[in-house]
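All figures in this text were calculated on a predicted structure; none of them were measured in a lab. One is the number of the first residue; the rest follow in order along the sequence.
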Amino acid sequence: VTTGSAPAQAGGAEQEEQDPPATTAEPAPGDGAGGAEAPLVCNGMVELCSRRLSDVTFAAANNPFSAGPSPTQDLTTAEALAAGFRAVVLTVREVWQSPTAAAAFVCPLECVVGAEPLQDALGAISKFLRNHPREVVLVIIDQRVSSMLVVNQLDNFVADLYPLPA
């Protein structure tokens, strides 16, 4: 969502239409102002609420914890989110658990060391978003497996975040 007017473009091109500003706000965390409308806070900053997603820089964790313990890859998905990362790149590969059953795991190369089940990584993101509803997390999936393995996990992820009414 963006606010204000777009700058004039060269050659008399039309200005880009902007979305109106948000009219309701959720209180900032820890704001005890009873009755007074608190500023809308997005990913910890009021300024981010009016920016388009493409105009925000996100710190990204690339396959958190899936490369095994190392100086640069020692955070789990949950720890990476708690540390402030707001983009997570998940390279998803197949791991055959039996001759007829495969599962989706997050691992950058071969899933020999430090592989994390995709459902666990998505579950950590889902839990974080439920506990931090004003945060935005980009989930980038580098898919190296059958589409159905990923689609099923993503369906569960979305259903966990947005359950259908009973």
Side-chain angles (χ1 to χ4, degrees), residues 1 22 24-32 38-166:
V1 176
T24 60
E26 287 187 21
D31 187 357
L40 184 64
V41 177
C42 304
N43 277 21
M45 297 180 66
V46 172
E47 300 82 18
L48 295 179
C49 297
S50 63
R51 292 190 187 161
R52 291 179 181 200
L53 185 64
S54 60
D55 293 335
V56 177
T57 301
F58 289 82
N62 186 13
N63 298 308
F65 202 70
S66 64
S70 76
T72 60
Q73 288 290 106
D74 61 351
L75 299 177
T76 65
T77 302
E79 291 168 340
L81 293 169
F85 291 93
R86 293 298 178 265
V88 180
V89 180
L90 304 175
T91 302
V92 183
R93 297 182 183 277
E94 274 179 340
V95 173
W96 288 90
Q97 298 176 322
S98 75
T100 59
F105 277 77
V106 176
C107 42
L109 300 170
E110 298 304 316
C111 294
V112 177
V113 176
E116 177 181 24
L118 177 59
Q119 68 185 18
D120 292 355
L122 293 175
I125 297 166
S126 178
K127 181 177 181 181
F128 177 84
L129 290 171
R130 281 193 315 275
N131 291 331
H132 302 89
R134 297 299 317 159
E135 298 289 316
V136 173
V137 175
L138 297 179
V139 179
I140 303 162
I141 300 210
D142 178 6
Q143 181 177 332
R144 311 281 176 106
V145 300
S146 118
S147 293
M148 287 314 297
L149 281 175
V150 174
V151 167
N152 290 337
Q153 295 299 319
L154 290 174
D155 282 347
N156 293 337
F157 173 66
V158 172
D160 186 44
L161 279 173
Y162 306 104
L164 295 175

Q. How close do Ala78 and Ala124 get, heavy atom to heavy atom, and via which atoms?
A. N-CB, 4.0 Å
**Q.** Close side-chain approach of Thr76 and Asp120, heavy atoms under 4.5 Å
**A.** no
Q | Option passing side chain to side chain contact (heavy atoms under 4.5 Å, CB included) with Val145 (candidates Val95, Thr91, Leu118, Val150) | A | Val150
(Q) Would Glu116 and Thr77 count as a side-chain contact (heavy atoms from CB on, under 4.5 Å) here? Give the steps. (A) CA-CA 9 Å; Glu116 177 181 24; Thr77 302; 3.3 Å; yes
Q.
Has Arg93 got a side-chain atom pairing as donor or acceptor with Cys107's backbone, closer than 3.5 angstrom?
A. yes
List, one per line, each side-chain donor-acceptor pair under 3.5 Å for residues 159-166, sequence neighbours excluded.
from   : atom 1 : to     : atom 2 : distance (Å)
Asp160 : OD2    : Ser126 : OG     : 2.4
Asp160 : OD2    : Arg130 : NH1    : 2.6

Q. CG of Asp155 to CG of Leu122: how many Å apart, nearest 0.5 Å?
A. 11.0 Å
Q. Rounded to the nearest 0.5 Å, what separation is found between the CG atom of Leu81 and the CD atom of Glu79?
A. 10.5 Å
Q) What closest approach, in Å, do Ala61 and Phe85 show between heavy atoms, and which atom pair accounts for it? A) N-CD2, 3.6 Å
Q: Give every residue pair that meets the ring-ring contact (aromatic ring centres under 6.0 Å, His included) criterion with at least one member in residues 123-143, sequence neighbours excluded.
A: Phe128-His132
Q: Enter the distance from Leu90:CG to Ile140:CD1 here, rounded to the nearest 0.5 Å.
A: 9.0 Å
Q) What distance do Glu135 atom CD and Leu48 atom CG have between them, rounded to the nearest 0.5 Å? A) 9.5 Å
Q) Please walk me through it: do Leu154 and Ile141 pass side-chain contact (heavy atoms from CB on, under 4.5 Å)? A) CA-CA 10 Å; Leu154 290 174; Ile141 300 210; 3.9 Å; yes
Q: Start with the C-alpha distance between Val41 and Arg134, add both sets of side-chain angles, then the distance that settles side-chain contact (heavy atoms from CB on, under 4.5 Å), and finish with yes or no.
A: CA-CA 7 Å; Val41 177; Arg134 297 299 317 159; 5.7 Å; no
Q: Could you go through the side-chain contact (heavy atoms from CB on, under 4.5 Å) check for Leu149 and Phe105 one step at a time?
A: CA-CA 10 Å; Leu149 281 175; Phe105 277 77; over 6 Å; no
